[in-house]
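Here is the structure we will look at, set down as structure tokens.
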Amino acid sequence: MNIRIDDGIKTAILGANGAGKSTLFYHLNGIFKPKKGMVLYKNEPMVYEKEYLRRLRSEVSAVLQNPDDQIFSVTVEEDVAFGLLNAGMSVGEADVRIDEVLSAVGLSDFRMRPMRQLSYGQRKRVAFASAIATRPSVLVLDEPTAGLDSQMAQEAMETVDQMHHSGTNIIMFTHDVDLAYAWADCMHVLCGGSLIYSGDPWGFYSDSAKTAVSGLVPPTVFAIDKSLSASEEWSADPHPRTAAELLSKISGKNDTGTLYLIPVRSNISTDFWEKLPKSGVKPYIGVFGVNTRRIISGMRQDCMLGCIDSCMEEVISGNDAVLVYDDSAYGIIEKRISRIGVFGAKIKTVIL
Amino acid sequence: MFTVPVSVRHLNRRYAGAGGRFRYPRFYSTRRTENIHGVMLFSGLSGGGVPGSAMLIAAAVCICTVLCIIVYKARSGNRDGRGPYRKRRGLSEQVQMDTLAYGSRMVGWSPLGKLLFILCIIITGLLTDSILVPICTFAIGLTMMIYSTNLKIPSILALAIGESMLIMIIGCGMISIMGSASEPAIWDTDILLFHVYITDASFNLAWLVFMRSAAGVTLMLAFASSTPIPHLSQALGQIKVPKEITEIIVLVYRYSFLLLEEMQIMYRAADCRMGFSGFTKSFRTVAGIAAGVFSSSIDISDRAQNALMCRNYSGTFPVFRSPKKISVGWIAAVIVSAAILFAFGQYSSGWINISEVFFGGIR
């Protein structure tokens, strides 16, 4: 096996059960030491000595699949502080950092709560917070959405996207083919302890034989796109990765609805609902970002809240939609909108 | 960024007066002049005679009671939605204990101060013959417990109190009915296998032991309900208890609850497969679960070690909010309380004769 994971690239490592994902996972922060070969970090071979490993594990944080495995303390703040104090940070410094990361995962109000009073999803977020508290340059996630409901999974991935946007390298170990296909820029596929593919996601699924051997099934979006490609008037390129992109490719029209963007810095002003466009039909409202979700969840709502992708789908279908988002995440939204454009639909945006 | 080229536990078995031979409780009267020092250690007083075999029976009764409670809980949980199932709707044991400890009005008190205070007044109660001292310490413990918990006692703590009370009642009952033959009996009769011979001394001794035990239970529960385990670990560290021991306490606390949860899952799984459809099957299932929990513990420990290493664990659990250290005020309070209780014990010795209260002038 020879894997190269580059800086700044959203990397997914896929494989069926027993493919060797967990073994590889523990090699990345020096928990396991290879019997043969070596692991290079920043082009330097890993040194399996106490001081090096302490530094490495502060830079390469791991979030395990089951949060209960990595939660050792009784309260939320103590657990987040665990890694920080182990890394030699002072209590005062750790205090500031705890506030920061709990706010980043939307758990500021849960700081003094006993861990086992939290739901599974909240414990998973504490695990995230604990991992990012050391400000790692690499975050290794093992099945980040496993055991979460779709809403929670959505929120978890938004957190991951925001962390990536803020400069953290994300490496995700998963067997969720749809998630990996939609999210990753680069995919490595493992099978029986060997690496069978490295490259862009669609490249792997295009090779039916390799896909079958790996024990994975093609993602839904890919499968639909591939079926449609069978017809002559359907171009295989570009490859849509999300339902919104696929819809854009299918509809291919330029006259979409309008996407109203409402950035949120620290709070939502009381005239928030007044800002919404006054039309006959109530606009579809989507939310993006941890901070915005926390604020919105405390407000009276008489409508269903969607996510960024469902807003895009709505707009592509010709309806108006409103997206309320964390101001810091504008780059992510801009990127998504421009990707939709690649598939044909030019989304009109208005920042309120 | 990454390049990974990898080929991947004696009871004093003297059988007093029986020449080392086991005798049935029926024959106790023939060897009542002998003493069992194991019990005296427990009571802290001389006098009273309790044969070892009676203690064995008492211990067996206690163990059977506890086992029956466990099996009953498991079975009732399967039938009427109580037992392990109720916890799914409420909070698990660890959550209850953690919530109680962190929500206690005494959580901000110095854990070492509390521990020292409680140990000192328990020891003072053992050093005096007066029953009034354990009554006072019991009152102190009860007050502290009520103050600490605000009477919101979680089910696991209530069960612990209930079980300890049951064991104390059985134990003290045994002490009470096995008075010395050299002393006049207040009540002498046969009940089933037991020859009941209650004397003035044995009755008073039983009450003294009971009150001391009850005081100890309430005091220790007041401590347990107001001290989170990390605080206890810190307190033990302050009195220079080796860190290996304090770390083990923290780890055992955390992982015992994880194992308990694992056990509850196994109970449910066994129930789904009719594992509790009969008394014998229930015992067999409980045995299987015990074995399963043992193998699970190995797996949990393996995962825990990896996770601890991932978070730079180096053998010491750091504590973010260190509890208050013991102050001069605490030491003064401990010395003054112990001195007052001891002086009161010496002064009030013989004030109350419990047997007179219950049996009047019968001698």
Side-chain angles (χ1 to χ4, degrees), chain A residues 1-7 20 23-24 26-31 34-43 50 53-54 57-58 61-62 64 66 68-75 77-78 80-87 91 94-95 98 112 114-117 130 134 137-138 169 171 193-194, chain B residues 1-8 87 90-103 107 227-234 247 250-251 253-255 257-262 265 299-323:
Chain A
M1 181 186 292
N2 201 332
I3 290 184
R4 184 182 168 84
I5 300 169
D6 291 314
D7 238 345
T23 309
L24 180 62
Y26 285 120
H27 275 93
L28 298 187
N29 61 357
I31 302 293
K35 285 180 185 165
K36 285 181 188 173
M38 62 177 87
V39 183
L40 304 175
Y41 175 61
K42 292 180 176 170
N43 294 319
K50 198 177 169 184
L53 290 175
R54 191 184 63 79
R57 289 168 191 165
S58 298
S61 274
L64 307 187
N66 185 354
D68 293 338
D69 286 344
Q70 70 174 92
I71 286 170
F72 310 106
S73 307
V74 181
T75 62
E77 66 164 14
E78 278 178 358
V80 177
F82 183 87
L84 297 172
L85 300 178
N86 279 335
V91 172
D95 194 28
I98 294 166
M112 302 302 291
M115 282 302 310
R116 305 203 65 81
Q117 268 189 6
S130 306
T134 52
S137 52
V138 183
N169 290 293
I171 302 169
S194 305
Chain B
M1 184 168 46
F2 277 108
T3 312
V4 192
V6 188
S7 51
V8 196
K87 283 161 194 121
L91 300 168
S92 74
E93 282 84 355
Q94 189 180 5
V95 175
Q96 291 178 40
M97 288 304 293
D98 289 342
T99 305
L100 187 70
Y102 279 96
V107 72
T227 313
I229 290 295
H231 290 198
L232 174 66
S233 159
Q234 284 275 302
E247 287 303 298
V250 175
L251 286 167
Y253 174 74
R254 160 143 178 86
Y255 290 101
F257 282 107
L258 282 181
L259 284 176
L260 193 64
E261 284 182 6
E262 190 81 19
I265 292 167
D299 181 46
I300 289 175
S301 69
D302 200 36
R303 282 186 281 137
Q305 191 189 357
N306 286 339
L308 284 164
M309 285 161 75
C310 277
R311 299 186 67 189
N312 268 325
Y313 176 71
S314 54
T316 313
F317 265 86
V319 174
F320 180 63
R321 286 187 196 277
S322 293

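Atom OG1 of B:Thr316 sits about 11.5 Å away from atom CG of A:Leu85, to the nearest 0.5 Å.
When heavy atoms are compared at a cutoff of 4.5 Å, B:Tyr102 approaches chain A solely by way of its side chain, counted from C-beta outward. When heavy atoms are compared at a cutoff of 4.5 Å, B:Pro230 approaches chain A solely by way of its side chain, counted from C-beta outward. With a threshold of 4.5 angstrom between heavy atoms, B:Ile300 does not approach chain A through any atom at all. Neither the backbone nor the side chain of A:Thr134 has a heavy atom closer than 4.5 Å to any heavy atom of chain B. With a 4.5 Å cut-off on non-hydrogen atoms, A:Asp95 touches chain B through its backbone and its side chain both.
Partners of B:Tyr255 by side-chain hydrogen bond (donor to acceptor under 3.5 Å, both in side chains), not counting sequence neighbours: none found.
Between B:Phe317 and A:Phe82, the distance separating the two ring centers is shorter than 6.0 angstrom.
A donor-acceptor pair under 3.5 Å is absent between the side-chain atoms of B:Asn312 and the main chain of A:Gly83, judged by distance alone.
Contact count against chain B (heavy-atom pairs under 4.5 Å) is highest for A:Arg57 among A:Gln70, A:Met112, A:Arg57.
Tested against B:Arg303, the residues A:Leu64, A:Asp69, A:Asp68 include a single side-chain contact (heavy atoms from CB on, under 4.5 Å) partner, A:Asp69.
Residue pairs meeting the salt bridge (Lys or Arg N to Asp or Glu O under 4.0 Å) criterion with at least one member in residues 306-323 of chain B, sequence neighbours excluded, are A:Glu77-B:Arg321, A:Asp79-B:Arg311.
Between B:Phe320 and A:Ile98 the shortest side-chain heavy-atom distance falls below 4.5 Å.
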